[in-house]
Amino acid sequence: MNKALLLKWKWRILTKKDVIWRSFLDLRYSNPRLKVLANNGDFISKEDSIWWRDVMTNNINIGGMEEGFSSFVKCRVGNGKNILFWDSIWLGNQTIRASFPDLYDLSTKKLSSVEDIFHKQGDIHSWRAESVIGGNSGSVQGQQRNVFVAASDSVQDQWRILHSMLQPISLAEEDLDSFVWTLNPSGHFSVSSVRSVMEEAKDLAWQSNMVSWMKTIWALKIPIRIQVFSWRFLAGRLPLKDQLLRRNVPNIASANCPFCDVQAENLNHLFFDCSVSKSIWERIFVWLGAVQFLSLADFISFGAIQEKVKTKSIKAKSNIVWISII
């Protein structure tokens, strides 16, 4: 078989790859706007800045709901080239994917733009079930139509509702798509608006006293690595054995505390309840002498220090001592 024929067959195979793969290439290389709206870590590349990768791959928990970056971008349709049909917020107040999950599961065009889905034939433009589900050629459309006809009542009902919502919408090739950042009254993106919603999410995620303790940690004049360790301690994010086992980290010979080797290692046991830890707290408490207004039980509690020590300078010193013991 000659080289030209091999190249011909190779091209034919490549052009018949699934539409999702072609859409992936569009997102990865051609259309950065669609990449942003996809809010999918699979499309993040090493060329993206560390800051941007962090924004794209981290959700914000607001009232128990995980919200990603694209959840705060509302799209206004022009030509539909820069808006994802399923994953952008352009029809109603949530994505079509969230509103019609059964249709989304059936679709083979999950990463298509609105323009890709909008059916054009001469001067006639319309929204068709086979366009939403997938397929570009006539034979593929026929197959997808058969799949749709055989679909469940739930899929059929979802399509009827979606179709009624799509019917009034047409695309204007001369108009550009536009985007509104919903966290800012002006509609423009700002870092301060993200900071505000993250602060709100933090307040919902932690009790008010925990937020106050975090601020106390960051205000202390101690090395940054100690601040980070203390923050992780208060947030319960240290890589202790109970956490590692929960995440199926291998090669952990024993789950027991390395001091007493009797009970399982977790944060409270390792730092407070273990006989070795208790001995350390007691010895330092005695060594310091009577700490103002604090019993041994108070001295062990970071929260008690914040409540009972009123003098600012003594409180700061007590906090540093407590963190040093930890």
Which distance, rounded to the nearest 0.5 Å, do you find between the OG of Ser113 and the CG of Asp177?
8.5 Å
Residue of the set Gln158, Arg97, Gln156 for which side-chain contact (heavy atoms from CB on, under 4.5 Å) holds with Leu103:
Gln158
Is there a donor-acceptor pair under 3.5 Å between the side chain of Thr216 and the backbone N or O of Ser212?
yes
Side chains of Val114 and Leu171: closer than 4.5 Å at any heavy-atom pair?
yes
Co-membership, hydrophobic cluster, residues Leu240 and Leu244, 4.5 Å side-chain:
no
Can any side-chain N or O of Thr311 pair as donor or acceptor with the backbone N or O of Ser313 at less than 3.5 Å?
no
Can you check whether Phe271 and Trp322 have ring centres sitting under 6.0 Å from each other?
no
Least distance between heavy atoms, Lys315 atom then Gln306 atom:
NZ-O, 3.0 Å
Which atom pair, heavy atoms only, marks the closest approach of Glu307 to Lys310?
O-NZ, 2.7 Å
Mind telling me whether Phe285 and Phe299 have parallel, tilted or perpendicular rings, with 30° and 60° as the class edges?
tilted
Is a donor on one side and an acceptor on the other found under 3.5 Å between the side chain of Arg237 and the backbone of Ala235?
yes
Do any pairs count as a side-chain hydrogen bond (donor to acceptor under 3.5 Å, both in side chains) and have a residue in residues 270-280, sequence neighbours left out, and if so which ones?
Ser279-Arg283
Quick one, Phe179 with Ile83, criterion side chain to side chain contact (heavy atoms under 4.5 Å, CB included). Give me CA distance, side-chain angles, the key distance, then yes/no.
CA-CA 9 Å; Phe179 307 91; Ile83 298 174; 4.1 Å; yes
Test item: Lys308 and Leu294 side chains (from C-beta on) under 4.5 Å apart, heavy atoms:
yes
Phe85 and Trp90: aromatic ring centres closer than 6.0 Å?
yes
Does the plane of the ring in Phe72 sit parallel, tilted or perpendicular to the ring in Trp181? Use 30° and 60° as the thresholds.
perpendicular
Does a side-chain heavy-atom distance below 4.5 Å link Arg76 with Val180?
yes
Partners passing side chain to side chain donor-acceptor pair (under 3.5 Å) against Asp105 (at least two apart in sequence or in another chain):
none
Should we count CZ of Arg225 as having more than 12 external heavy atoms under 6.0 Å?
no
Find out whether Trp127 and Leu162 are in side-chain contact, i.e. whether some heavy atom of one side chain is under 4.5 Å from a heavy atom of the other.
no
Would you say Glu265's side chain and Ala255's backbone share a donor-acceptor pair under 3.5 angstrom?
no
Angle between ring planes, His163 versus Trp159, binned at 30° and 60°: parallel, tilted or perpendicular?
tilted
Measure from the side-chain N and O atoms of Asn266 to the backbone N and O of His269, and report whether any donor-acceptor pair falls under 3.5 Å.
yes
